Amino acid sequence: MTALLHLTELSVTYPRQAEPALDAVSLDIAPGEKLAIIGESGSGKSTLALALAGLLPRGARLSGNITWPSLGRSARAGADFGMVFQDPGASLNPVLRIGEQVAEAAQRHLGLDWEKAGILALELLGRVRIPDPELAMRAYPHQFSGGQRQRIAIAAAIAARPRLLIADEATSALDVLVQAEIVALFRDLCAADGMALILITHDIALAASLADRIAVMHQARLVELAPALQLVETPQADYTRHLLGTHIDLTDTPRIGRTVP
Ligand SMILES: Nc1ncnc2c1ncn2[C@@H]1O[C@H](COP(=O)(O)OP(=O)(O)OP(=O)(O)O)[C@@H](O)[C@H]1O
Ligand SMILES: [Mg+2]
């Protein structure tokens with residue numbers, strides 16, 4: 001099958017850093033595939049997501065290749081892929097009504113007029129299971145819980161029916177039950193639309209339960225990539241075995257200092 005996304009030897013070095021934050025990572029994602037990326041803090045997971053979304057900070061050096069074979073062209077942010085982050089507040093404007101924000105995403109990427117965009121926004125809020133979407137359209141972000149805000153951010157991210165959703169620690173700040181609901185939502189959205197998912201997480205159990213394949217990052221490198229069950233049951237790389245064997249809490253591991261004095 002033609003890959004949706006193809007990364008070849010992707011490397012990133014941030015300004016004033018001696019070591020790359022991403023070191024020659026190559027991988028493919030198939031259309032509709034759910035890929036989890038795990039690894040300790042500072043291993044380069046977000047850097048990978050930002051690089052493929054074209055969101056690296058100014059001055060970061062990128063080498064290697066990112067292609068979208070099944071699109072046959074480069075991908076457009078928002079239209080071909082969407083992103084959600086740990087803090088949904090960061091992607092929602094506190095002074096704009098929810099309806100306007102989701103409709104704006106639909107309008108910008110699909111070129112719909114305001115009325116059609118509003119109808120789509122209402123439908124999207126229903127799809128992400130916001131209770132009473134009609135009422136929600138007129139409410140502001142602070143009137144929702146963290147989990148609901150994340151659903152709203154997801155609604156905006158999927159407005160243009162992207163081929164890929166990149167979720168960087170999108171459930172980490174939520175309590176366990178709400179986390180499980182968002183994960184179920186990801187699963188449903190992927191199944192219904194054939195959307196692919198890159199799920200960046202510290203939670204190996206979550207990765208194993210949701211993803212088709214799991215990629216393990218360690219010190220800027222991709223150390224193992226395998227079908228989820230296979231990776232958990234018969235890990236090949238020493239680092240993956242260490243990760244699974246010690247059950248270390250990845251959120252507690254220290255960041256790797258790379259700053260040049
Ligand atoms: N804007 C930046 N400028 C300089 N260095 C950066 C920048 N962003 C990240 N880094 C460094 O790049 C490395 C990889 O960081 P990255 O954020 O990709 O890790 P991560 O795996 O997403 O970590 P976490 O699990 O904590 O989110 C780290 O050493 C980090 O300190
Ligand atoms: Mg990160």
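These figures come from a predicted structure and were not determined experimentally. We count ligands from 1, going down the list as the structure has it; atoms in each ligand are counted the same way. Residues take their numbers from the sequence shown, with the count starting at 1.
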Minimum non-hydrogen distance to atom 25 (O) of ligand 1, winning option of K45, Q17, R16: K45
Heavy-atom nearest neighbour of atom 20 (P) of ligand 1 within options A21, P15, G42, P20: G42
Polar contact flag, side-chain donor to acceptor under 3.5 angstrom, Y239-E40: yes
Side chains of T240 and E224, donor plus acceptor under 3.5 Å: yes
Ligand 1 to P57 polar contact by distance, N or O atoms, under 3.5 Å: no
Short list, please: which atoms of ligand 1 are under 4.0 Å from a heavy atom of [X]?
X    : answer
S46  : 17 (O), 18 (O), 20 (P), 22 (O), 27 (O)
H202 : 25 (O)
T47  : 14 (C), 15 (O), 16 (P), 18 (O)

Exam field: side chain R151 to backbone L125, donor-acceptor pair closer than 3.5 Å: no
Carboxylate-amine/guanidinium contact D23 R221, below 4.0 Å: yes
Ionic contact status for D168 with K45, cut-off 4.0 Å: no
Under 2.8 Å: N/O/S of S46 next to the Mg ion (ligand 2): yes
Measuring from the heavy atoms of [X], does anything fall under 4.0 Å of ligand 1?
X    : value
E40  : yes
S43  : yes
M217 : no

Aromatic ring pairing H142/Y140, orientation class (parallel under 30°, perpendicular over 60°, tilted between): parallel
Option from T13, L56, L48, L7 for which side chain to side chain contact (heavy atoms under 4.5 Å, CB included) with L22 holds: L48
